[in-house]
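Scroll down for the structure; my scribbles are underneath it.
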Amino acid sequence: MTEKIKTFMRSGAAVPAGLFLGFLLLYGLTLDKAYVFDSLLYALSIRQPLFDGPVTSLLSWNHFLWFPALRSVYAGLEALGFSPDAYRFIQWWNAVVGAALAVLLFRFLARYIHARLALTLACLAGVSHLVWLRATSGDPYLTGTLLSVAACYFVTVRPSWRGLPLFWLAAPLAVLAAYFHFGNIILVPAAALAAVPGRGPEGRREGAVILALSAFLLLPYVLFYELWTPAGFREWLVWGSGQVNGFLPGLSASGQFDLRFLANLPTGFATLARSAVAFQAGGPLVTGLAALAAVSLLGWAVFDRSRAAFDREAAAPALIFFMAITGFFFVWIPGNIFYWASPLVFLVLSAGLLFKDRLRSPPPPRARIFIPVFGAVFALVNFRGAILPALRGLEHKAAVEFCRDLGRATPAGSVILISGVSDGFLKVGIPYFARRRMFPLDLVIVQFHGTGQDPLAALKFRLDGYLDRGVPVYMLDDVLRNKDAYEGWGVVRERLDAFLGGYRLEAAALAGAGENPAALYRLLPARPH
């Protein structure tokens with residue numbers, strides 16, 4: 001056994017295995033308790049069976065394959081007798097993806113630079129602000145980053161299997177990255193362009209193959225959303241521009257897109273800097289300093305590389321991927337750090353490959369002391385600035401406990417009516433933590449706004465149906481406190497009073513509701529049946 005361990009340690013698999021297990025342990029010990037709105041929404045979807053509901057909930061426009069892929073794994077675990085918490089399941093999925101990303105970066109870079117320096121860059125990427133945060137959270141974005149780097153790997157390294165070149169795997173990997181988050185669609189042409197540098201006519205043919213194969217693999221998406229029709233394409237643009245999130249076409253034709261690329265450069269560079277290091281300071285000064293530092297480093301890199309031989313086959317693909325994905329985020333909500341893990345990872349990869357001639361030698365003895373110290377400080381700054389607050393989960397802690405109290409105070413299968421205005425977190429917190437069906441009044445009203453139908457009449461029809469079947473119906477007192485919140489949608493206080501007048505309100509106990517307890521009422525028919 002000892003000899004087998006020694007043989008393994010001498011093999012090329014020892015460092016990647018240790019790197020994977022080390023990061024998996026780190027991420028597993030720091031899984032967040034932040035319970036942000038979107039992450040709980042994703043977790044709620046994972047708890048739903050496949051094909052239970054509209055097809056659009058199975059294949060969403062921006063995360064086309066994310067739900068069916070993760071739901072299938074989750075269902076497989078259930079079939080084996082495991083019953084994982086859906087939120088924790090997504091987090092562990094991301095932890096595995098994050099650890100695999102660190103290994104892929106190491107293996108990628110170690111082909112061109114010294115293994116110790118490749119390991120250093122992979123570890124710095126793994127403990128960077130955004131990669132660490134995404135690897136411990138409940139959102140779907142890090143999988144796309146892993147697939148994107150894998151696509152770049154197959155274009156650059158061009159491994160073969162039994163003599164069969166595998167460069168064309170870049171196409172399905174880039175399309176899969178887009179299917180996990182459609183913003184990654186920009187990587188499809190990037191993968192085709194990355195096949196060209198330094199390879200002449202052969203590179204152009206390979207780029208054309210990647211484009212053709214990608215177009216074929218994107219056909220299910222095109223067919224599902226009828227993108228060949230003007231109506232289907234217009235609807236897709238409404239979703240893609242973020243207009244469904246509050247950007248009305250009459251107010252902002254481009255929605256979440258801000259096409260002023262040059263004007264967005266300072267914000268984009270500042271966001272890229274914050275994706276590496278968790279600092280909370282903001283404002284024009286920090287944005288300007290981050291932009292100045294980025295431009296200075298970029299200028300130095302261009303000057304330095306102009307005096308050195310540029311290996312286009314090694315460095316150009318990563319640079320093309322970096323410029324494509326970063327350029328996209330410079331015009332798509334550039335100040336939102338949420339999506340910037342991919343630009344950061346490609347920046348690390350590009351830097352390693354661009355300066356590979358300088359990084360082929362092992363670090364000098366003094367640097368061998370400095371590098372671990374710098375890495376430890378870097379990791380500590382990010383842990384204290386971002387990971388620890390998410391681990392404590394203080395922002396939504398009271399709301400989470402309140403939702404759990406609701407679950408204890410109401411029988412299984414009951415329905416709860418809420419305002420939806422006072423605390424938007426309850427819209428996902430109640431179904432997730434209380435496991436109760438919930439109707440937010442604001443969403444019901446918005447759903448029927450402009451259709452000519454009376455939203456309160458539609459809601460009364462649904463609630464009366466539950467009551468007729470003997471299902472308990474409850475209401476939080478935020479509905480009573482926010483009667484004037486819906487006037488913008490044409491629902492005035494008098495109409496809401498008339499709606500509530502059709503029921504008797506019976507006070508219900510709500511134990512342990514925290515520092516700001518809310519009253520809970522049982523809704524009963526005005527006249528007993």
Side-chain angles (χ1 to χ4, degrees), residues 31-49 52-54 56-58 60-63 66-67 70-71 74 83-94 133-134 136-142 181 239 242 244-246 336 338-339 389-410 412-447 459 462 473-479 482 485 510 512-514 516 518 520:
L31 297 179
D32 77 33
K33 298 180 181 67
Y35 299 123
V36 297
F37 189 98
D38 285 359
S39 294
L40 281 184
L41 205 58
Y42 299 132
L44 280 168
S45 71
I46 291 299
R47 290 205 313 216
Q48 303 303 312
D52 182 18
T56 50
S57 67
L58 173 68
S60 70
W61 78 272
N62 56 338
H63 301 291
W66 183 84
F67 168 68
L70 266 72
R71 172 60 200 175
Y74 186 80
S83 298
D85 175 82
Y87 188 82
R88 281 283 179 259
F89 165 74
I90 298 173
Q91 288 181 301
W92 277 107
W93 171 282
N94 284 335
L133 204 60
R134 296 282 76 81
T136 57
S137 66
D139 57 55
Y141 302 107
L142 199 59
H181 183 260
W239 281 93
V244 293
N245 296 327
N336 189 340
F338 210 67
Y339 310 100
L391 184 61
R392 289 173 173 169
L394 297 179
E395 182 181 358
H396 293 128
K397 188 174 182 179
V400 169
E401 289 305 315
F402 177 75
C403 293
R404 287 174 173 152
D405 288 340
L406 277 177
R408 289 187 282 265
T410 56
S414 56
V415 176
I416 301 176
L417 176 66
I418 69 171
S419 159
V421 174
S422 299
D423 189 351
F425 179 82
L426 297 180
K427 296 175 186 177
V428 289
I430 289 175
Y432 191 81
F433 294 106
R435 290 182 175 264
R436 300 292 179 262
R437 185 184 297 272
M438 172 267 322
F439 286 98
L441 190 55
D442 63 342
L443 293 187
V444 173
I445 292 172
V446 169
Q447 180 183 2
L459 177 60
R462 295 289 298 275
V473 177
Y474 292 86
M475 183 186 78
L476 284 178
D477 71 336
D478 62 346
V479 175
N482 295 304
L510 181 54
N516 300 305
L520 179 68

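Computation of the quantities below employed the complete heavy-atom set of this structure, encompassing side-chain atoms and omitting hydrogens, waters and symmetry-equivalent molecules. Here, residue 1 is the first one in the sequence, and each next residue gets the next number.
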Could you walk me through whether Leu406 and Leu520 pass the side-chain contact (heavy atoms from CB on, under 4.5 Å) test, one step at a time?
CA-CA 9 Å; Leu406 277 177; Leu520 179 68; 4.1 Å; yes
Could you walk me through whether Ile416 and Phe439 pass the side-chain contact (heavy atoms from CB on, under 4.5 Å) test, one step at a time?
CA-CA 6 Å; Ile416 301 176; Phe439 286 98; over 6 Å; no
Give a yes or no on whether the backbone of [Y] and the side-chain of [X] come within a donor-acceptor separation of less than 3.5 Å.
| X | Y | answer |
| --- | --- | --- |
| Gln91 | Thr136 | yes |
| Arg435 | Ala412 | no |
| Arg47 | Tyr432 | yes |
| Asp32 | Leu133 | no |
| Arg436 | Thr410 | yes |
| Tyr74 | Pro84 | yes |
| Asp85 | Arg88 | yes |

Beyond-backbone contact of [X] with [Y], side-chain heavy atoms, under 4.5 angstrom:
| X | Y | value |
| --- | --- | --- |
| Phe89 | Leu70 | yes |
| Leu142 | Trp93 | no |
| Asn482 | Ser422 | yes |

Measure across Ala86 and Ala43 and return the closest heavy-atom pair with its distance rounded to 0.1 Å.
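Between these two residues, the closest heavy atoms are CB-O, 3.4 Å.
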Grab the two heavy atoms, one from Ser39 and one from Tyr87, that are nearest each other, plus how far apart they are.
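Shortest heavy-atom contact: CB-CE1, 3.6 Å.
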Rounded to the nearest 0.5 Å, what separation is found between the [atom1] atom of [X] and the [atom2] atom of [Y]?
| X | Y | atom1 | atom2 | answer |
| --- | --- | --- | --- | --- |
| Ile445 | Leu459 | CD1 | CG | 8.5 Å |
| Asp442 | Ile418 | CG | CD1 | 7.5 Å |
| Leu40 | Phe433 | CG | CZ | 5.0 Å |
| Leu441 | Met475 | CG | CE | 10.0 Å |
| Met438 | Ser414 | CE | OG | 12.5 Å |

Going through the distances and angles, do Tyr42 and Val36 end up as a side-chain contact (heavy atoms from CB on, under 4.5 Å)?
CA-CA 10 Å; Tyr42 299 132; Val36 297; over 6 Å; no
Between Leu476 and Leu426, is a side-chain contact (heavy atoms from CB on, under 4.5 Å) present by the stated rule, with each step listed?
CA-CA 11 Å; Leu476 284 178; Leu426 297 180; 4.1 Å; yes
Establish, for the pair Arg134 and Tyr339, whether the NZ or CZ atom is under 6.0 angstrom from the six-membered ring centre and no further than 45 degrees off its axis.
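Output no; distance or angle outside limits.
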Are Phe402 and His396 close enough that their ring centers fall under 6.0 Å?
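No, they do not, as the ring centres are separated by 6.0 Å or more.
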